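The block underneath contains the structure these notes are about, expressed in structure tokens.
What you see is a predicted model, and the numbers here were worked out from it, not measured in a lab.
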Amino acid sequence: MQIGLVGLGKMGGNMRERIRNAGHTVIGYDTNPELSDVAHLSDLVDQLAGPRAVWVMVPAGAATQHVIDQLASLLKPGDTVVDGGNSRWTDDERHAKELAARGIGFVDAGVSGGVWGLQNGYALMVGGDEEHVERLKPIFDALKPEGPYGYVHAGKVGAGHFAKMVHNGIEYAMMQAYAEGWELLEKVSSVDHVREVFRSWQEGTVIRSWLLDLAVNALDEDEHLEALRGYAEDSGEGRWTVEAAIDNAVPLPAITASLFARFASRQEDSPQMKMIAALRNQFGGHAVESAKKA
């Protein structure tokens, strides 16, 4: 099968290679000419036989909208666009409507696998009409891990990215739990080998996971994580998960707390903790620490 791939960064570049390794033809376009197979997006479209399929792997939001707007003017009725980035599911509904007006199909694909996807395969959560999804099944089969798992047609347009959003929300909470446990183990004087405790959990325990394996990898590289600053960004999907929970009246205390913990990581001197320290001093006479002078 032929497919166009727009965006050849860390994920897209590895996906191109994995699809090619499965015997399919991939024509890739990237704004970085050193990565691109063609000079222009129009060249990518011209080199694909109809009906065409083009997979978009660029940042969510304005970048994705720009590429889809371009493809809408270049593609023909019967062609299909796949958005494999981390777009919000509400954007999918708009994109599908815009493309459908031109007779172009749309599929949203939540993709998980990161830098390990080339080797291990990518978990795919797909949304869209059955006819469009089935046409792309050979590409999904090439990208997914070997075996029966790692792919789902989750539902109609938007379902793939909604499922990926919830996946990432769960990931936030799992990472936060490992991080909290690690900090507590590091804090007490009785535990001498925190890294080895984490390593011991990799087999036989109910908390073993790929995230735990990655945590051990990180501790092997830097046993006490002394080279890192305690700061973590959020991709946006954690926020969207919490917003969707509010809209649907679904309680998500663990995921919400893990998102807020990331916000707290960005404050070197937390204003909230200043108020808490002041209140503890006022009602209980508890000691407070003076702010460091610049």
Side-chain angles (χ1 to χ4, degrees), residues 9-14 59-60 85-86 110-123 145 164-242 252-277 280 286-294:
K10 288 183 290 187
M11 287 277 282
N14 282 345
N86 283 332
V111 182
S112 181
V115 297
W116 298 87
L118 174 58
Q119 175 184 339
N120 299 333
Y122 299 88
K164 176 58 163 45
M165 178 194 73
V166 174
H167 165 282
N168 281 22
I170 293 169
E171 179 185 291
Y172 274 47
M174 290 176 66
M175 287 193 288
Q176 185 66 27
Y178 284 128
E180 291 174 6
W182 173 79
E183 181 179 358
L184 181 58
L185 287 166
E186 284 277 334
K187 191 76 171 180
V188 301
S189 59
S190 59
V191 180
D192 295 326
H193 305 293
V194 175
R195 178 179 60 186
E196 299 313 310
V197 170
F198 263 59
R199 197 188 310 279
S200 75
W201 293 344
Q202 289 182 272
E203 296 291 344
T205 71
V206 297
I207 63 168
R208 64 188 185 274
S209 73
W210 187 42
L211 281 175
L212 178 62
D213 295 341
L214 296 177
V216 172
N217 287 351
L219 295 174
D220 281 339
E221 294 171 3
D222 181 2
E223 184 172 357
H224 303 288
L225 303 183
E226 295 169 325
L228 300 180
R229 178 188 167 202
Y231 177 98
E233 279 288 0
D234 67 285
S235 64
E237 290 185 296
R239 302 185 190 207
W240 301 341
T241 305
V242 172
L252 299 185
I255 291 174
T256 303
S258 66
L259 173 64
F260 285 7
R262 295 200 185 188
F263 296 162
S265 79
R266 300 166 202 173
Q267 298 176 335
E268 293 182 3
D269 188 18
S270 170
Q272 295 177 25
M273 291 303 107
K274 290 182 180 181
M275 176 57 74
I276 290 172
R280 293 180 75 248
H286 299 287
V288 296
E289 295 185 8
S290 298
K292 295 180 181 179
K293 295 182 179 180

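For the atom pair CG (Asp213) and CD (Gln202), the distance works out to 4.5 Å, reported to the nearest 0.5 Å. Note that the NZ atom of Lys10 and the CG atom of Leu118 stand 15.0 Å from one another [nearest 0.5 Å]. Between the CE atom in Met174 and the CH2 atom in Trp210 there is a gap of 11.5 Å [rounded to 0.5 Å]. Once rounded to the nearest 0.5 Å, the distance linking CH2 of Trp182 with CG of Leu225 reads 4.0 Å.
Residues that satisfy the side-chain hydrogen bond (donor to acceptor under 3.5 Å, both in side chains) test with Asn14, not counting sequence neighbours, are absent from this structure. Every residue meeting the side-chain contact (heavy atoms from CB on, under 4.5 Å) condition with Asn217, not counting sequence neighbours, appears here in chain and number order: Trp116, Leu214. In this structure Asp222 satisfies the salt bridge (Lys or Arg N to Asp or Glu O under 4.0 Å) test with no other residue, sequence neighbours excluded. Listed by chain and number, the residues in a side-chain contact (heavy atoms from CB on, under 4.5 Å) with Asp220 are Arg195, Arg199, Val216 (sequence neighbours excluded). In this structure Ala179 satisfies the side-chain contact (heavy atoms from CB on, under 4.5 Å) test with no other residue, sequence neighbours excluded. With sequence neighbours left out, Glu223 forms a side-chain hydrogen bond (donor to acceptor under 3.5 Å, both in side chains) with no residue at all. For Glu183, the side-chain hydrogen bond (donor to acceptor under 3.5 Å, both in side chains) criterion is met by no residue, not counting sequence neighbours. For Leu185, the side-chain contact (heavy atoms from CB on, under 4.5 Å) partners at least two apart in sequence or on another chain are Val191, Val194, Val197, Phe198, Trp201. Applying the salt bridge (Lys or Arg N to Asp or Glu O under 4.0 Å) criterion to Glu221, with sequence neighbours excluded, gives no partner residue. For Glu186, the salt bridge (Lys or Arg N to Asp or Glu O under 4.0 Å) criterion is met by no residue, not counting sequence neighbours. Annotation: side-chain hydrogen bond (donor to acceptor under 3.5 Å, both in side chains) contacts of Glu233 (sequence neighbours excluded): Tyr231. Contacts of Trp240 classified as ring pair (Phe, Tyr, Trp, His ring centres under 6.0 Å), with partners at least two apart in sequence or in another chain: none.
Looking at Tyr178 and Ser209, their side chains do bring a donor and an acceptor atom within 3.5 Å of each other.
Nearest heavy-atom pair, Lys164 versus Val111, reported as atom, atom and distance to 0.1 Å: CE-O, 3.0 Å. When all heavy atoms are compared, the tightest approach of Asp234 to Arg239 is OD2-NE, 2.8 Å. When all heavy atoms of Pro145 and Ala123 are compared, the pair lying nearest together is CD-N, 4.3 Å.
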Next on the checklist: Quick one, Ser112 with His167, criterion side chain to side chain contact (heavy atoms under 4.5 Å, CB included). Give me CA distance, side-chain angles, the key distance, then yes/no.
Outcome noted: CA-CA 9 Å; Ser112 181; His167 165 282; 3.3 Å; yes
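Listed for the Thr241 side chain is a donor-acceptor partner under 3.5 Å among the backbone atoms of Met165. A donor-acceptor contact shorter than 3.5 Å links the side chain of Ser258 to the backbone of Ile255.
The shortest side-chain heavy-atom distance between Val242 and Glu237 does not fall under the 4.5 Å cut-off.
For Arg208 and Glu203, the salt-bridge test fails: no basic side-chain N is under 4.0 Å from an acidic carboxylate O.
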